[in-house]
Protein chains: 2
Amino acid sequence: MADSAPLPPAAADAADIRAATVAAGARPRRSDATRAAILAAARDRFAADGYERATIRAIARDAGIDPSMVMRYYGNKEGLFAAASEIDLRAPDLTGVPRGERGARLVRHFLERWERDETLTGMLRVGVTNEAGAERMRGVFRDQMGPVIAAVCPAPDEAPARAALIASQILGMALCRYVLHLPPAVGLSRDEVVGWLAPTVQRYLTAELP
Amino acid sequence: MADSAPLPPAAADAADIRAATVAAGARPRRSDATRAAILAAARDRFAADGYERATIRAIARDAGIDPSMVMRYYGNKEGLFAAASEIDLRAPDLTGVPRGERGARLVRHFLERWERDETLTGMLRVGVTNEAGAERMRGVFRDQMGPVIAAVCPAPDEAPARAALIASQILGMALCRYVLHLPPAVGLSRDEVVGWLAPTVQRYLTAELP
DNA sequence: GCGCCAAGTCAACGGGTGTTGGCATACGTG
DNA sequence: CACGTATGCCAACACCCGTTGACTTGGCGC
């Protein structure tokens, strides 16, 4: 079974520092850089290893500090996970997009989002194994996918089901392509994926109920 | 975080015993019932908890024997997992199904397969977290989905990509419905899911390349 | 009836885990 | 400059893990 290779020291950028600052709801402190480094390392580890195999000791090592600091700043492993898994899908506003291009727009956005960093891979990895992770995914879906779909959905009461259908296709492709690495799914170009999936999403968005 | 509740003692049926017997490539031995009990308990635990959280001690407790027996019969945890995760999708032969009904047939079959027991949930759970599990899923996809799709695919070289697209939609719905428990996905009836997904799968099966 | 071998139990090992408390140190403030 | 506090490290705790080896039991063939 593959050992978890050591990860390069996680780079905590300005956004991370700001996030770590506001997360504590206070003005800047001397330890914000450390908090941010922990958060960045935790994100990487959770994404790469899942909740169980991502150890606090490994996260601390990546961040270059002592494990006890993690406990001091985030309480326990669950608290660290909660802080590290704040997800912003940046789902696009579809109301300004021509009706026929909305499917393609959604698919392309999420492909790019998925390839930019390992955040979503991590979310999926933890969501599948861990109930707290699953609850977080349900929250992200409800709060960030729901409104986007509802805004362009003819009948408001159909919106949740349509959103779930769209999520199933997009998540399923991400699963095959970025997590399971099924060779044919990996082999498709980004444009090919959009070409295949866009009509599906478009139909889930607008077609009559079957 | 949810503790893993104790599981009821896993029932090892005749098929399990036979499987445990043939797995060792020998004629019946006195320990076949024990081997089968271990296997059944392991399947349940891996499905419910994933690879890391499913401990050999818990599996042995469920099977009502000593942990060292697991080691004696299956070598180590990886060996146990390999023996416990032999999957048979029983994917239907589509050549006898009318061309227009193949999508619906596939979707309905996999929904039923997924709901019958927790085997596939377990496969997904382990496949997402664990490289050995992912490799196993790639093998199942290649050996059991590939041929079924190729048999009804006009151009043979397109078969793998089409199979991957179909897998992405079916796995994605299973993920949302049976693993993440997204409320709108859970709320759909089985017929509604078939009604929505069948045209998608049908198109992946037969449509011109985009 | 006796010996042999499979089947199973028991206790322990070395290591890794999350988590805790005490101690040194550098900083910001009066 | 002195003091309190935030920051960080160190060592340890109690627990659980996979795995091992020695020991006991029970059934079967000769």
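Residue numbers begin at 1 in each chain, while the letters A, B, ... track the order of the sequences. All figures in this text were calculated on a predicted structure; none of them were measured in a lab.
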Listing, residues 159-166 of chain B side-chain donor-acceptor contacts under 3.5 Å, not counting sequence neighbours, or none:
from, atom 1, to, atom 2, distance (Å)
R162(B), NE, E158(B), OE1, 3.1
R162(B), NH1, Y204(B), O, 3.0
R162(B), NH1, L205(B), O, 3.4
R162(B), NH1, A207(B), O, 2.9
R162(B), NH2, E158(B), OE1, 2.8
R162(B), NH2, A207(B), O, 2.8

* Asked: Are the side chain of Q144(B) and the backbone of L89(B) linked by a donor-acceptor contact shorter than 3.5 Å?
  -> yes

* Asked: Any donor-acceptor pair under 3.5 Å linking the side chain of S31(A) with the backbone of T34(A)?
  -> no

Under-4.0 Å salt bridge between [X] and [Y]:
X	Y	result
R108(A)	D191(A)	yes
R177(B)	E115(B)	yes
E118(A)	R125(A)	no

* Range on DNA chain C touched by chain A, heavy atoms, distance below 4.0 Å -> dT17(C) to dC27(C)

* Any I56(A) side-chain heavy atom under 4.5 Å of M71(A) side chain -> yes

* Asked: Along nucleotides 9-21 of chain D, 5' to 3', which nucleotides get a B, which get an S, and which get a -, given that the test is a protein heavy-atom distance under 4.0 Å?
  -> BB-B----BBSBB

